[in-house]
Enquirer: 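First the structure, which I've put down as structure tokens, then a few questions once you've had a look.
What you see below is based on every heavy atom in this structure, not just the backbone, and it leaves out hydrogens, waters and symmetry mates.
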Amino acid sequence: MTRHERPVRSGTPLDHFRDVVRDAMKHFKSEHDSEAHQESCCLLPPSGHAPRGILPQTINPAEETVPGIEHPGSTGVIYCTDRAIANGFSYADSHSWSNLGQGAPEVGDIPDAPERPTTVAMPTDSLEYAPTTGVKALRQAVAKLYNETYRVGKQSQYTYENVCIVPGGRSGLSRVAAVVADVYCSYHVPDYTAYDQVLSAFKRLVPIPTALVPEEKYKLNIEQTKKDIKTQGLAVIVASNPRNPTGQAIMGDDLKSLVALSREKTTLLLDEFYSWYIYPEEGEEYGKSLSSAAYIEDVNEDSVIIVDGLTKNWRLPGWRVCWVLGPKNLVTALSQSGSFLDGGANHPLQLAAIPLLEAGRVKQEKIALQKHFKAKRDHVLKRLEAMGLRVDIPPTSTFYIWLNLEHLPAPLDNGLTFFEELLKEKTIVVPGIFFEINPSHRRDLFSSPCHHFVRLSFGPPLKDLDMGLDAMERVLKKVKYEGMRHFGHSCTFACLAICELGI
């Protein structure tokens with residue numbers, strides 16, 4: 001068969017697909033010549049460990065050389081950063097690239113916001129270990145902030161005993177997962193990439209997926225969830241709210257109904273890290289925020305667990321100071337799991353965080369953040385529309401845009417290809433398939449709708465956003481004027497297919 005002949009179709013569609021893949025691979029001298037092998041670390045997995053569905057491998061089996069040690073795999077965002085580093089990206093010169101895959105907000109000054117913290121005091125006592133539940137004064141400040149913001153006039157109030165300080169959101173999620181018993185745990189797709197690793201690493205819980213669909217604007221169907229609790233015996237529900245990556249949020253009566261489920265022997269674990277990133281419509285007031293804490297009846301009886309912190313809302317991701325809020329009996333369990341998982345958060349930074357939670361400062365921070373990020377959101381949406389990349393469901397919260405590529409010509413309609421092409425233009429996005437949470441690779445993702453999406457972040461400064469949007473414009477112009485002959489010839493997907501299908 002010559003290079004340009006099509007393979008003769010034989011047998012089933014899967015047989016035909018194997019023929020196409022094998023034929024494509026013949027054009028490399030060896031597997032080691034392929035870009036996918038050299039740059040994506042997409043190596044053949046050991047027998048019995050082949051993940052299902054087309055997904056770049058975040059584990060390199062060649063590194064599995066230490067007896068008894070198995071790499072858990074990195075999150076999708078880390079994989080994307082690693083691929084960018086392989087293409088020249090450097091943290092030392094990060095602003096020469098546009099990181100639209102960034103899962104963090106810009107950390108510098110923004111208009112009308114309070115001054116950024118620039119120094120941290122270190123009294124002698126702060127050089128000691130902090131308690132695994134955190135410094136009491138910070139725990140009191142967190143409880144006070146939630147009471148003043150969401151629980152005014154309610155009889156049941158949070159105290160420091162309802163708060164556990166943790167070194168980052170993932171640490172908080174891990175502490176909670178470590179104390180979840182042998183139960184069915186519901187999660188949603190698409191959702192935050194780190195849930196994949198958390199739900200895989202802690203083997204006692206059994207993850208059960210629920211698909212959120214664009215036809216319903218990725219809205220959680222509360223009535224169906226009630227049925228699932230009864231018919232499937234769901235004991236824990238995990239969700240981000242506001243939602244990463246879709247930029248939507250459960251609010252008002254829907255959130256109230258969701259919280260009510262916690263009074264029916266079901267625990268809600270809600271990741272509320274984007275609770276300030278709420279964008280008011282015309283005529284609405286700035287400075288409002290979102291939390292399930294507003295709908296809890298009894299803080300010690302309603303089984304609602306809230307994870308939040310300084311990372312996103314205060315724009316301090318490097319501090320790694322966060323908290324878990326919930327019933328007192330949960331906090332005592334988290335103290336125990338924290339004693340062997342992470343040992344607790346940084347002591348001096350916990351002390352430095354206390355004045356940042358003062359009500360007046362928080363109000364100023366919220367308003368400045370919402371105005372600034374809403375302006376960036378609108379700017380990005382306008383530029384995307386001018387490129388012909390219309391966003392089907394614009395974000396009402398977070399700083400993410402869930403961009404559908406289906407109308408682009410193949411293979412650029414695939415998030416992984418789009419990601420790789422933008423790396424050549426010094427721009428990073430996150431392929432949508434990474435948000436198809438699939439703990440322990442139990443499900444086949446071959447037909448996942450997330451393949452046709454990418455997540456864009458408008459977290460970075462406006463200059464960086466425009467740099468990335470310019471790069472996207474160049475790729476699309478290349479398609480328009482030169483056609484598709486420059487795309488899809490690296491054989492990355494052929495190698496991926498072989499890895500995934502084991503052929």
Enquirer: Does L356 offer a backbone N or O that forms a donor-acceptor pair with the side chain of W314 under 3.5 Å?
Expert: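 It does hold such a pair.
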Enquirer: If you apply the rule side-chain hydrogen bond (donor to acceptor under 3.5 Å, both in side chains), what do you find for S289 with Y150, and how did you get there?
Expert: CA-CA 9 Å; S289 54; Y150 304 111; 2.7 Å; yes
Enquirer: Is the shortest side-chain heavy-atom distance between H95 and D464 below 4.5 Å?
Expert: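 H95 vs D464: side chains touch.
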Enquirer: Do Q224 and D228 pass the side-chain hydrogen bond (donor to acceptor under 3.5 Å, both in side chains) test, and can you show the C-alpha distance, the side-chain angles, and the key distance before you say yes or no?
Expert: CA-CA 6 Å; Q224 183 60 50; D228 292 343; 2.9 Å; yes
Enquirer: What I'd like to find out is whether the side chain of Y195 reaches to under 4.5 Å of the side chain of Y187, using heavy atoms alone.
Expert: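 No, too far: nothing below the 4.5 Å cut-off.
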Enquirer: Roughly how far, to the nearest 0.5 Å, is the CG atom of L269 from the OG atom of S186?
Expert: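 That separation rounds to 11.5 Å.
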Enquirer: Who are the side-chain contact (heavy atoms from CB on, under 4.5 Å) partners of R377, not counting sequence neighbours?
Expert: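 Here the qualifying residues are Y279, K374, L381, P395, F458.
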Enquirer: Just to verify, which of K256, K154, R263 counts as forming a salt bridge (charged side-chain N to carboxylate O under 4.0 Å, His left out) with D302?
Expert: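 Exactly one pass, corresponding to R263.
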Enquirer: Quick one: are L270 and L258 in side-chain contact, heavy atoms under 4.5 Å?
Expert: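 Yes, side chains in contact.
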Enquirer: Show your working on ring-ring contact (aromatic ring centres under 6.0 Å, His included) between F89 and Y91 and close with a plain yes or no.
Expert: CA-CA 7 Å; F89 173 77; Y91 282 108; 5.3 Å; yes
Enquirer: Give a yes or no on this: more than 12 heavy atoms of other residues, nucleotides or ligands lie within 6.0 Å of atom CZ of F202.
Expert: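 Count over threshold, so yes.
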Enquirer: N313 side chain to W276 main-chain N or O, any donor-acceptor pair under 3.5 Å?
Expert: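 Looks like yes, one N/O pair under 3.5 Å.
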Enquirer: Can you list the residues that meet the ring-ring contact (aromatic ring centres under 6.0 Å, His included) rule with Y400, with sequence neighbours excluded?
Expert: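 Once residues adjacent in sequence are excluded, the partners of Y400 under the ring-ring contact (aromatic ring centres under 6.0 Å, His included) criterion are Y274.
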Enquirer: Evaluate E264 against K226 for salt bridge (Lys or Arg N to Asp or Glu O under 4.0 Å), listing each step before the verdict.
Expert: CA-CA 9 Å; E264 298 180 16; K226 288 180 181 178; 5.6 Å; no
Enquirer: Are any side-chain N or O atoms of T81 and backbone N or O atoms of V77, one a donor and one an acceptor, separated by less than 3.5 Å?
Expert: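 Checked: pair present.
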Enquirer: Does the distance from a Lys or Arg side-chain N to an Asp or Glu carboxylate O, for D112 and K371, drop under 4.0 Å?
Expert: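 No salt bridge links D112 with K371.
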Enquirer: Where the side chain of S457 meets the backbone of Q102, is there a donor-acceptor pair that is under 3.5 Å apart?
Expert: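 At least one qualifying donor-acceptor pair exists.
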Enquirer: Examine distances only and state if a side-chain atom of S397 and a backbone atom of G247 form a donor-acceptor pair shorter than 3.5 Å.
Expert: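 It does hold such a pair.
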Enquirer: Tell me, yes or no, whether the heavy-atom count around Y129 atom OH, taken from other residues, nucleotides or ligands under 6.0 Å, exceeds 12.
Expert: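 At most 12 heavy atoms, drawn from other residues, nucleotides or ligands, come within 6.0 Å of this atom.
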Enquirer: Could you check whether atom CG of D392 has more than 12 heavy atoms from other residues, nucleotides or ligands sitting under 6.0 Å from it?
Expert: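 Atom CG in D392 is crowded, with more than 12 foreign heavy atoms closer than 6.0 Å.
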Enquirer: Is the backbone of D125 close enough, under 3.5 Å, to the side chain of E128 for a donor and an acceptor to pair up by distance?
Expert: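 Flag not set: sc E128 to bb D125 has no pair under 3.5 Å.
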Enquirer: Can you see which heavy atom on I437 is nearest to which on F434, and at what distance?
Expert: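 Heavy-atom minimum between the residues: CD1-O, 4.3 Å.
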Enquirer: Look at R361 together with E358 and state whether they make a salt bridge at an N to O cut-off of under 4.0 Å.
Expert: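 No, R361 and E358 are not salt-bridged.
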Enquirer: What distance do N162 atom CG and I305 atom CD1 have between them, rounded to the nearest 0.5 Å?
Expert: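 So the CG of N162 and the CD1 of I305 are separated by 12.0 Å.
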Enquirer: For S291, does its backbone N or O pair with a side-chain atom of S275 as donor and acceptor, under 3.5 Å?
Expert: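 Judged by distance alone, no pair lies under 3.5 Å.
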Enquirer: Between Q248 and P242 (side chain of the first, backbone of the second, donor and acceptor by atom type, cut-off under 3.5 Å), is there such a pair?
Expert: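 Checked: no pair found.
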Enquirer: Flag the pair D271 / N241 as yes when at least one side-chain heavy-atom distance between them is below 4.5 Å, and no otherwise.
Expert: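 Contact flag for D271/N241 side chains = no.
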Enquirer: In the structure I gave you, are the side-chain heavy atoms of V176 and S174 within less than 4.5 Å of one another anywhere?
Expert: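 No, side chains not in contact.
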Enquirer: Are any side-chain N or O atoms of N147 and backbone N or O atoms of Y158, one a donor and one an acceptor, separated by less than 3.5 Å?
Expert: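 Confirmed, N147 side chain pairs with Y158 backbone.
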Enquirer: Can any side-chain N or O of Q197 pair as donor or acceptor with the backbone N or O of P439 at less than 3.5 Å?
Expert: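 Side chain of Q197 to backbone of P439: no pair is present.
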Enquirer: Using side-chain heavy atoms (C-beta onward) and a distance below 4.5 Å, is V189 in contact with L212?
Expert: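 No, their side chains stay 4.5 Å or more apart.
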Enquirer: Nearest 0.5 Å, please: how far is OG1 in T266 from CG in L234?
Expert: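 Taking CG in L234 and OG1 in T266, the distance rounds to 7.0 Å.
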Enquirer: Would you call E148-K144 a salt bridge at under 4.0 Å N-O?
Expert: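 Yes, E148 and K144 are salt-bridged.
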Enquirer: Please examine the side chains of W402 and C450, heavy atoms only from C-beta on, and report whether any two atoms are closer than 4.5 Å.
Expert: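 They are in contact (side-chain heavy atoms under 4.5 Å apart), so the answer is yes.
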Enquirer: Going by the angle between their ring planes, with limits at 30° and 60°, are F419 and Y79 parallel, tilted or perpendicular?
Expert: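 Correct class here is tilted.
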Enquirer: For the pair D191 and R243, find out whether any cationic side-chain nitrogen is under 4.0 Å from an anionic carboxylate oxygen.
Expert: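 Yes, D191 and R243 are salt-bridged.
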Enquirer: If the threshold is 4.0 Å, N to carboxylate O, is there a salt bridge linking E106 and R315?
Expert: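 A salt bridge is absent here (no side-chain N lies under 4.0 Å from a carboxylate O).
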Enquirer: Do P207 and V238 make a side-chain contact, defined as non-hydrogen atoms from C-beta onward lying under 4.5 Å apart?
Expert: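 Answer no - side chains too far apart.
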Enquirer: What is the minimum heavy-atom distance between P105 and Y277, and which atoms define it?
Expert: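 Closest approach of P105 to Y277, heavy atoms only: CB-OH, 3.4 Å.
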Enquirer: Establish, for the pair R455 and F435, whether the NZ or CZ atom is under 6.0 angstrom from the six-membered ring centre and no further than 45 degrees off its axis.
Expert: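 No.
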